[in-house]
Number of protein chains: 2
Amino acid sequence: MDIDDIKNMEEFAHIVGISRPTISKYFNDAESVRQTTRLKIEEALKKYNYRPNIYAINQNRKLTKNIGIIVPFLADPFFAEIARFIERRILSLGFTPSLFSAHGDPEIEKTILDTLRSLRPAGVLLAPLGRASDKRYIKDFCRDVPTILFDSNIEGMGEAFVGSDNYSFVSQTVEYLSRTGTPPTFFEMRNPANPNANKRRNSYIAMMEKLELEANFIQVDGNGWAFEEIGRAGALEILKQDALPTNTILCSNDRLAIGFLSACHKLGIQVGRDENSEIRVASHDDHPYSKFTCPSLTTAAHDYESVASYAVETLFKLIEEGGHLKNREEKLFSARLIMRDSA
Amino acid sequence: MDIDDIKNMEEFAHIVGISRPTISKYFNDAESVRQTTRLKIEEALKKYNYRPNIYAINQNRKLTKNIGIIVPFLADPFFAEIARFIERRILSLGFTPSLFSAHGDPEIEKTILDTLRSLRPAGVLLAPLGRASDKRYIKDFCRDVPTILFDSNIEGMGEAFVGSDNYSFVSQTVEYLSRTGTPPTFFEMRNPANPNANKRRNSYIAMMEKLELEANFIQVDGNGWAFEEIGRAGALEILKQDALPTNTILCSNDRLAIGFLSACHKLGIQVGRDENSEIRVASHDDHPYSKFTCPSLTTAAHDYESVASYAVETLFKLIEEGGHLKNREEKLFSARLIMRDSA
DNA sequence: AACGATATTTTACGCGCGTAAATTTTATAT
DNA sequence: ATATAAAATTTACGCGCGTAAAATATCGTT
């Protein structure tokens, strides 16, 4: 008799023998009703699988239980990975995550902001596209919806920022590479979409200065999010004309490094930290596949778990405070150097 | 004067000078109102950025404009890629996609089915976990919600299935490898989670039989979705004991192949189709990174675009027909052999 | 047994919109 | 100008639930 033809809370309340407002209270917070009542309700829930109408609930509640998550490019496993952590965390808190990807397109990012706005979420975790983002649009959104930025910061927007400390990434790789061999040349995109790239460049400059070493750059052209292809094409060009300033390459991120390694293999250039190898390659992010490149990639790892946890925690603090925090905190997590075979 | 303090359709209708039902009609279908009226409304929409309350809309409409998308593991770029195609297609049709990942967990898959059920979507595109899925739960869901399966089929469930023709994948790779060198040994997981894996195995057997060649298998242990790691560990073991039946390896999918290539590099085994190489490695899927492996991976490519388009089209046909199709179509798209350097 | 503190019920209203039917206005053609 | 069809309006009702206030019931306590 698992007849699920119960149409509304009224009917369900009738069956349980309890008033509708009490049922409503139960679904809002199961702990808020008497123990015996709770058992009666949960018993009935097993027999008849009634669930309140989400739309009717959210129409009347000031605060929904939705949490929006926006990432710039979900086909990038880095974002897929961090989104995975965040989703699980939100689910475990009894909220409903809604995941969106801008697919690298600022117009889609705006569309997502619009639909998210009308979802009236309790809060939003936003990793913006960065340079390509419509800043004013995002600002307006943050004004109306409790939002926390993560991964890539935009000065002053959102109630807080949670991400990784780019200086911590670069300083560790630069220090390690300089100490164990020739100083690194920085390999990056000329016009990176992501603001983190600029911070990494500056960190590289600062670190090389501190070590009293000469900073060298290779800047490759290319737009969009096909970093591997951009890195590969750029590396092929440079390597063919034998124009490397030093035989140690530090890529701005792992996806560029994947392209770089691909180019090296293509040209028969052996990469690694052993004596037989011609060049060393290191990078940043600990991309899920950096362990499986050939050779495996020496890199600086994000603390995925901490970034995700802290972002979610901060968001819930924000929600509890009613949508505003006294001062905009910028929380940065340190990187962890992961030594593999490429450098 | 972009005051967006318009609270409801009533107010907005007042401002435009048109009755509320007409406004309602406009938002349902902009073409259904008179041209002059439409212009008046759209003019007002620019000044005051009013948008109808989604929850109130969906509470009353029988059919929402939501489309659910469920994939088994979004951190797998293959699914991220196909989800990307599907999302764009749905957006262009004026519907709202909601993307969910089961994260490899059957319990999460069930939770998603529950929340999706209460979203009352117009339709759902479901790529199930496969072996681990709760079949009865999915069956019940398909009974209540217009659902189309994609990528991985479960016999009889959903109103249709859209995916790739595994035989087309394997027959092409096997034919190519056999013709140009020693016949391939099939490399796979002993207990694959995905039903496609079994079809590929059977296709391999059938194809080898047809070519009158001996079928050889390497089956590695491992559970879950960390295919690269599983492939790597399995390959290391086999390669160390020099136990390859033939010097040509055909991996069930690209992620296993990525692990296999990683193992080869670790052991200094050169992979490729030139004379210097010891073994050849090929695979299936045209994973987004298969172009950047070392060496680049010879593989059979999904027709991502066609699978995504056809799945969405079929879903909309299903929606128009009211949730049921006469007979359950199983549409399979052929693979395209992509010759790169690994075989 | 009487008390106060919770828990529950009753009552009543509102949320923002969909939708159907009957009526009136507008546009198009004759 | 008149007939006709299409579009818009008016009217009226319903959706399923949240929520506030006042009344009542239940509980453990003294």
Side-chain angles (χ1 to χ4, degrees), chain A residues 4-45 48-66 94 96 115 117-122, chain B residues 4-45 48-66 94 96 115 117-122:
Chain A
D4 48 356
D5 55 351
I6 299 176
K7 291 198 170 159
N8 50 30
M9 204 177 265
E10 195 77 53
E11 273 189 40
F12 183 68
H14 234 88
I15 289 170
V16 187
I18 293 180
S19 76
R20 186 177 68 74
T22 306
I23 306 282
S24 172
K25 219 178 164 199
Y26 167 83
F27 278 109
N28 234 317
D29 177 9
E31 307 283 343
S32 73
V33 300
R34 199 182 296 162
Q35 187 67 7
T36 57
T37 324
R38 185 178 166 180
L39 289 176
K40 274 197 284 184
I41 295 175
E42 285 170 352
E43 197 107 337
L45 275 178
Y48 318 85
N49 64 333
Y50 163 76
R51 295 193 53 175
N53 182 307
I54 287 192
Y55 299 108
I57 290 178
N58 287 331
Q59 179 177 13
N60 299 313
R61 247 209 283 267
K62 312 136 212 278
L63 225 57
T64 71
K65 288 221 164 190
N66 299 327
T96 306
T115 62
R117 194 192 283 268
S118 62
L119 277 177
R120 295 210 328 272
Chain B
D4 48 354
D5 55 352
I6 300 176
K7 292 203 171 159
N8 51 31
M9 204 176 266
E10 196 77 53
E11 273 189 41
F12 183 69
H14 234 87
I15 290 171
V16 187
I18 294 180
S19 75
R20 187 179 66 74
T22 306
I23 306 284
S24 171
K25 220 178 162 196
Y26 166 83
F27 278 109
N28 235 318
D29 177 11
E31 308 281 344
S32 71
V33 301
R34 198 181 297 160
Q35 187 68 7
T36 57
T37 323
R38 184 178 166 179
L39 289 177
K40 275 195 283 182
I41 294 176
E42 285 169 352
E43 197 106 339
L45 275 179
Y48 317 84
N49 63 333
Y50 163 75
R51 294 192 54 174
N53 182 307
I54 288 193
Y55 299 110
I57 290 178
N58 287 330
Q59 178 176 14
N60 299 313
R61 247 209 283 266
K62 309 138 214 279
L63 225 57
T64 71
K65 287 219 166 193
N66 300 326
T96 308
T115 61
R117 192 193 285 268
S118 62
L119 277 177
R120 297 209 325 271

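The sequence lines fix the lettering, A, B, ..., with proteins before strands; numbering per chain opens at 1.
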request  = Before giving the answer on side-chain contact (heavy atoms from CB on, under 4.5 Å), spell out for A/Tyr48 and A/Val16 the whole-Å C-alpha distance, their side-chain angles and the decisive distance to 0.1 Å.
outcome  = CA-CA 10 Å; A/Tyr48 318 85; A/Val16 187; over 6 Å; no

query = Do we see a donor-acceptor contact under 3.5 Å between the side chains of B/Asn28 and B/Arg61?
reply = yes

Using OP1 and OP2 only, check whether a side-chain N or O of [X] sits under 4.0 Å from [N].
X	N	value
A/Tyr50	D/dC17	yes
A/Ser24	D/dG18	yes
A/Thr37	C/dA7	no
B/Thr22	D/dT9	yes

ask   = 5'-most contact on DNA chain C: B/Met9 or A/Ile18, nearest heavy atom basis?
value = A/Ile18

query = Taking C-beta and beyond as the side chain, do A/Asn53 and A/Asn8 meet within less than 4.5 Å on heavy atoms?
reply = no

Round to the nearest Å and state the distance from [X] atom [atom1] to [N] atom [atom2].
X	N	atom1	atom2	answer
B/Gln59	D/dG14	CD	P	14 Å
A/His14	D/dG16	NE2	P	16 Å
A/Tyr26	D/dC17	OH	C1'	17 Å
A/Ile57	C/dG16	CD1	C1'	16 Å
B/Asp29	C/dT19	CG	P	12 Å
B/Arg51	C/dC17	CZ	P	12 Å
A/Arg61	D/dA20	CZ	P	13 Å
B/Gln35	D/dA8	CD	P	10 Å

inquiry  = On DNA chain D, does the nearest nucleotide to B/Ala56 precede the nearest nucleotide to B/Ile23 from the 5' side, or the other way round? Give the residue.
reply    = B/Ile23

request  = Let me know, please, whether A/Arg34 or A/Asn53 comes out on the 5' side of the other along DNA chain D by nearest nucleotide.
outcome  = A/Asn53

remark   = Residues B/Ser32 and B/Lys25: closest non-hydrogen pair is OG-O, 3.5 Å

inquiry  = Counting the atoms with a prime plus P, OP1 and OP2 as sugar-phosphate, which does B/Asn58 contact under 4.0 Å by heavy atoms, base, sugar-phosphate, or nothing?
reply    = nothing

key: Nearest listed nucleotide, side chain of A/Pro21, among C/dT8, C/dT10, D/dC17   = C/dT10

Nearest-0.5 Å distance, NZ of residue A/Lys40 to CD1 of residue A/Ile23 = 9.5 Å

inquiry  = Distance criterion of 3.5 Å, no angle test: do you see the side chain of B/Arg20 paired donor-to-acceptor with the base of C/dG16?
reply    = no

